[in-house]
Number of protein chains: 2
Amino acid sequence: MISVTQGDSLGRELSTAVVAFHEAVGAYLGVSAVDQRALGVIGARGPLSAGALAKEIGLTPGAVTGMVDRLERAGLVERAPDPADRRRVVITVAAKGRGAFGEVFGGLSTAMNAMVGRYSVAEQQVIADWVTRTIDILREQTRELSRRTSKR
Amino acid sequence: MISVTQGDSLGRELSTAVVAFHEAVGAYLGVSAVDQRALGVIGARGPLSAGALAKEIGLTPGAVTGMVDRLERAGLVERAPDPADRRRVVITVAAKGRGAFGEVFGGLSTAMNAMVGRYSVAEQQVIADWVTRTIDILREQTRELSRRTSKR
DNA sequence: GAATTTATTTCAGCATACCGAAATATTCAG
DNA sequence: CTGAATATTTCGGTATGCTGAAATAAATTC
């Protein structure tokens with residue numbers, strides 16, 4: 001069995017490695033941590049209006065304008081007026097943005113797939129299950145921490 | 001089997017969840033991402049001089065002074081002159097710092113241990129193996145990315 | 001169709017945190 | 001004991017990026 005201390009330190013190392021990778025991605029693309037989260041949100045939740053993005057990442061509308069300016073200047077996202085409501089501006093990840101991410105995550109993805117492929121189907125299921133549960137726990141703990149942070 | 005796209009998106013979600021948790025930790029403790037990494041380094045590599053810390057995290061000595069000022073003001077680290085070489089200042093994680101991290105990571109650790117405990121010994125070994133390999137891949141990809149970033 | 005509401009942008013002010021260089025303190029070499 | 005080297009701090013300048021408020025534009029309500 002994984003002892004408590006072993007499990008903790010492995011988890012800690014994994015966490016550190018993930019964060020280090022993210023920082024390296026940010027440095028490579030020349031975008032801040034918040035910008036990266038915004039890119040992730042836009043990519044995952046599809047095209048988004050500026051206001052929706054502001055709520056999603058907890059910034060004021062004014063700050064979002066500046067952030068989108070940066071990302072647009074870097075060619076990573078695109079602005080377009082919403083045809084249905086022309087007050088709105090919808091923001092999408094630009095082709096270059098998707099390309100840059102592919103470039104950055106491509107090597108990781110390839111290596112991870114090759115590594116996972118060496119496990120049996122049953123083992124892969126165990127791993128996927130653990131990852132899913134870990135994600136749930138992380139999200140719950142993040143919410144709890146944010147709750148405690150806001151109550152001060 | 002975990003399909004390529006499934007594996008990718010799970011990995012992406014895990015990564016996002018880890019980063020979100022780290023950001024929540026930073027917000028809770030009131031320290032920046034760099035500060036957090038410094039705390040991690042000091043905690044892991046034992047007491048460290050200011051200069052050694054500067055090299056470790058890639059800041060100028062002047063910036064380290066300011067950072068340690070912040071962390072010390074927050075009660076998370078302590079400065080002490082090195083008895084062997086009184087030009088040096090050794091920095092250690094303060095009791096409050098360790099306590100704060102325990103408070104923050106305690107819930108996570110508990111939940112993770114409970115979750116992992118539900119797997120069989122063999123399954124736990126598979127998981128630990130996968131985590132170890134994933135860490136290796138992340139580190140390698142981080143190095144590769146940093147290498148490409150510096151070459152510009 | 002005038003008034004109100006909603007969405008985004010602009011802008012001034014402010015806080016943060018970095019760098020580079022000079023200052024200070026201590027150690028080491030000869 | 002003097003001069004050079006090393007470790008940290010101090011400080012001025014700068015860049016970044018946020019907030020809050022005002023401005024602008026478009027849609028909705030009555």
Side-chain angles (χ1 to χ4, degrees), chain A residues 22-24 26-42 45-74 76-92 146 149-150, chain B residues 22-42 45-74 76-92 149-150:
Chain A
H22 261 253
E23 281 173 6
Y28 183 74
L29 296 180
V31 299
S32 75
V34 177
D35 292 359
Q36 254 190 98
R37 200 169 69 221
L39 274 172
V41 168
I42 299 165
R45 302 259 206 302
L48 227 58
S49 76
L53 186 57
K55 275 175 193 156
E56 196 79 34
I57 59 182
L59 290 183
T60 59
V64 167
T65 297
M67 186 179 68
V68 174
D69 284 349
R70 288 195 300 275
L71 294 175
E72 198 176 32
R73 214 175 306 129
L76 298 172
V77 304
E78 278 165 8
R79 270 190 178 96
D82 184 338
D85 181 346
R86 288 188 331 226
R87 291 170 304 179
R88 285 205 177 89
V89 169
V90 297
I91 302 153
T92 56
S146 305
T149 301
S150 61
Chain B
H22 260 253
E23 281 171 7
V25 169
Y28 183 74
L29 296 180
V31 299
S32 76
V34 177
D35 293 359
Q36 255 190 99
R37 203 170 66 220
L39 275 172
V41 168
I42 299 165
R45 303 259 205 302
L48 226 60
S49 76
L53 186 57
K55 276 175 192 158
E56 197 78 36
I57 60 182
L59 290 184
T60 59
V64 167
T65 297
M67 185 179 68
V68 175
D69 284 349
R70 289 195 301 272
L71 295 175
E72 199 176 31
R73 212 176 305 129
L76 297 173
V77 304
E78 279 165 5
R79 267 191 179 96
D82 184 337
D85 180 345
R86 288 185 334 223
R87 290 170 304 181
R88 284 203 176 90
V89 169
V90 296
I91 303 153
T92 57
T149 301
S150 61

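Throughout, a chain's letter reflects where its sequence line sits, starting with A, and its residues are numbered from 1.
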Residue pair [X] / [Y]: nearest heavy atoms and the distance that separates them:
X: T149(A); Y: A27(B); value: CG2-O, 3.8 Å
X: M67(B); Y: A38(B); value: CE-CB, 3.4 Å
X: I42(B); Y: I91(B); value: CG2-O, 3.4 Å

Is there any salt bridge (charged side-chain N to carboxylate O under 4.0 Å, His left out) pair reaching into residues 59-70 of chain A, and which pairs are they, with sequence neighbours excluded?
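Matches after skipping sequence neighbours: D35(A)-R70(A), D69(A)-R79(A).
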
Mind checking salt bridge (Lys or Arg N to Asp or Glu O under 4.0 Å) for E23(B) and listing every partner two or more places apart, or none if nothing turns up?
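Partners of E23(B) under the salt bridge (Lys or Arg N to Asp or Glu O under 4.0 Å) test: R37(A).
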
Can you tell me how far OG of S32(A) sits from CG of L71(A), rounded to the nearest 0.5 angstrom?
8.0 Å

In residues 55-64 of chain A, what donor-acceptor pairs under 3.5 Å come from side-chain atoms, sequence neighbours left out?
unit_1: E56(A); atom_1: OE2; unit_2: R45(A); atom_2: NE; d: 3.4
unit_1: E56(A); atom_1: OE2; unit_2: R45(A); atom_2: NH2; d: 2.9
unit_1: T60(A); atom_1: OG1; unit_2: A63(A); atom_2: N; d: 3.4

Polar atoms only, N or O, under 3.5 Å: list the protein pairs with nucleotides 22-30 of chain C and their distances.
unit_1: dT27(C); atom_1: OP1; unit_2: R86(B); atom_2: N; d: 3.1

Pull out every residue in residues 52-71 of chain B that has a heavy atom closer than 4.0 Å to any atom of DNA chain D, ordered by number, or say none.
P61(B), G62(B), T65(B)

DNA chain D: 5'-most and 3'-most nucleotides touching chain A, 4.0 angstrom heavy-atom criterion:
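So the outermost contacting nucleotides come out as dG17(D) to dA27(D).
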
Check side chain to side chain contact (heavy atoms under 4.5 Å, CB included) between A52(A) and all other residues, then give those that pass, not counting sequence neighbours.
L48(A), S49(A)

